[in-house]
Protein chains: 2
Amino acid sequence: MSENAREAILEAARIAAQHYGYGGINFRSIGETVGIKNASIYYHFPSKADLGAAVAKRYWQDAVKALEVLREENPEPLRSLQAYPSLFRKSLEDGNRLCLSSFMAAEYVDLPDAVRSEVLAFADINVAWLMARLTDLGAGSPEVCERRARAIYSAIAGAQLIARTRADIGLYDELVQSYQDTGLIPA
Amino acid sequence: MSENAREAILEAARIAAQHYGYGGINFRSIGETVGIKNASIYYHFPSKADLGAAVAKRYWQDAVKALEVLREENPEPLRSLQAYPSLFRKSLEDGNRLCLSSFMAAEYVDLPDAVRSEVLAFADINVAWLMARLTDLGAGSPEVCERRARAIYSAIAGAQLIARTRADIGLYDELVQSYQDTGLIPA
DNA sequence: ACCTGAACACCGTTCAAGT
DNA sequence: ACCTGAACACCGTTCAAGT
């Protein structure tokens with residue numbers, strides 16, 4: 001039961017964070033969902049900051065796995081790069097949600113340090129993955145590939161942010177298509 | 001005095017919102033800044049939603065003026081498009097702040113309707129301006145120019161978001177440069 | 001017309017106390 | 001080991017009351 005309560009708290013916090021950001025993590029409603037009192041959460045997580053950091057950490061660890069799968073399914077570097085935006089599309093499909101990291105990037109100044117470093121880790125692993133694919137593609141020197149990887153990542157994050165405000169997945173697809181048409185994303 | 005109090009509230013709320021988002025608008029600390037009790041704010045604004053909407057509305061109205069100035073200073077369409085990212089750079093320069101609209105785009109689901117429509121208005125006026133410049137440049141049909149305008153806007157918003165999490169203006173400049181190198185932003 | 005004090009239900013957090 | 005009740009200082013909001 002003890003490990004289950006911890007997991008249940010983490011899961012409830014993840015859902016809240018993905019819908020409302022770090023500020024949306026509410027100890028009393030999490031307690032209700034899990035079936036314990038809000039004070040009991042402090043037995044499992046010493047503070048909201050720790051709970052938030054645990055959520056963000058698991059989030060980027062899951063992203064690492066998803067990126068590995070994406071690469072295995074698309075061994076061709078060009079195809080894997082073309083498939084990359086589909087990862088961020090999923091959040092929009094699933095309840096018009098924002099990538100947790102973009103969410104927390106917006107809340108950045110308010111964020112406890114422990115949460116902040118996990119948010120940065122998410123960006124890091126995405127850029128590293130994109131850089132590796134671009135290198136496989138022979139897109140240039142390590143410096144060139146890293147610059148390009150960062151540009152793709154930030155443009156995709158922006159597309160997701162803007163498309164969400166219109167609750168319009170079609171807009172996201174259009175933006176990604178434009179990125180490909182103009183050559184930002186190799187096509 | 002009455003009009004001054006309203007203005008002072010609006011100004012204090014703007015600063016709070018630009019630093020911490022809509023959620024960062026705090027009636028008690030605004031009251032302290034202005035020199036009145038928090039309950040008195042309700043005499044000027046019927047709710048936090050109305051205050052937030054007023055802040056967001058003024059924000060995009062100011063953006064309209066800034067875009068007009070940018071165009072007057074850069075009558076050449078290509079040059080005005082190249083100068084466009086400097087507007088979003090200013091927020092980063094000035095206290096590593098995020099464009100208010102991106103901030104509120106992240107908080108989107110939590111936002112009262114009145115605030116939401118002002119956030120959308122900001123994106124609209126930016127896209128309209130970009131589209132007009134692209135049209136002046138002869139970048140293609142209205143549809144093509146609008147698509148491209150949206151892509152530029154979302155990519156810039158993303159660059160600002162990502163650069164802010166590193167508190168690194170150099171990263172913003174690098175991202176913008178990449179957008180220009182790859183051809184997303186005409187150069 | 002403009003402001004205040006006191007109250008409301010809500011938050012994260014603490015802590016002594018229960019089993 | 002795990003959970004609870006009660007309290008704390010904080011929030012937006014309301015409202016009767018002041019000038």
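Every chain is numbered from 1 and lettered A, B, ... according to where its sequence line falls, protein lines coming before strand lines.
Within the 4.0 Å cut-off from OP1 or OP2 of C/dC3, at least one side-chain nitrogen or oxygen of B/His44 is found. Considering only side-chain N and O atoms, A/Asn38 lies nowhere under 4.0 angstrom from the phosphate OP1 or OP2 of C/dG12. For the OP1/OP2 pair of C/dT13 and a distance below 4.0 Å, the side-chain nitrogens and oxygens of A/Tyr42 include at least one atom meeting the criterion. Applying the 4.0 Å criterion to OP1 and OP2 of D/dC2, one finds that A/Ser40 has every side-chain N and O outside that range.
If you take OH of B/Tyr43 and C1' of C/dG5, they are 19 Å apart, rounded to a whole angstrom. Atom C1' of nucleotide C/dC3 and atom CD1 of B/Ile9 are separated by 11 Å, given to the nearest angstrom. Rounded to whole Å, atom C1' of D/dC2 lies 13 Å from atom CD1 of A/Ile41. With rounding to whole Å, B/Lys48 atom NZ is found 13 Å from D/dC10 atom C1'. For B/Arg28 and C/dC11, the CZ to C1' distance is 12 Å, given to the nearest whole Å. Spacing between atom CZ of B/Phe27 and atom P of C/dC3 amounts to 14 Å, rounded to whole angstrom units. Here C/dT13 presents its C1' atom at 17 Å from NZ of A/Lys37, a figure rounded to the nearest Å. The nearest whole Å value for the distance from the OH atom in B/Tyr20 to the C1' atom in D/dC11 is 16 Å.
Listed for the A/Tyr108 side chain is a donor-acceptor partner under 3.5 Å among the backbone atoms of B/Thr165. For the pair B/Tyr59 (side chain) and B/Leu100 (backbone), a donor-acceptor distance under 3.5 Å is present.
Searching all strands for a Watson-Crick or G-U wobble partner of D/dT14 with both distances below 3.5 Å returns C/dA6.
Contact annotation for B/Ile25: backbone-only contact, meaning every heavy-atom pair under 4.0 Å involves sugar-phosphate atoms and none involves a base.
Between B/Glu146 and B/Arg150 a salt bridge is recorded (basic side-chain N to carboxylate O distance below 4.0 Å).
Residue A/Ile36 is the one, among A/Ile36 and B/Gly23, whose nearest nucleotide of DNA chain D lies closer to the 5' end (criterion: closest heavy atom).
With contacts defined as side-chain heavy-atom distances shorter than 4.5 Å, the pair B/Tyr22/B/Asp110 does not qualify.
Between A/Tyr42 and A/Phe27, a ring centre-to-centre spacing shorter than 6.0 Å is recorded.
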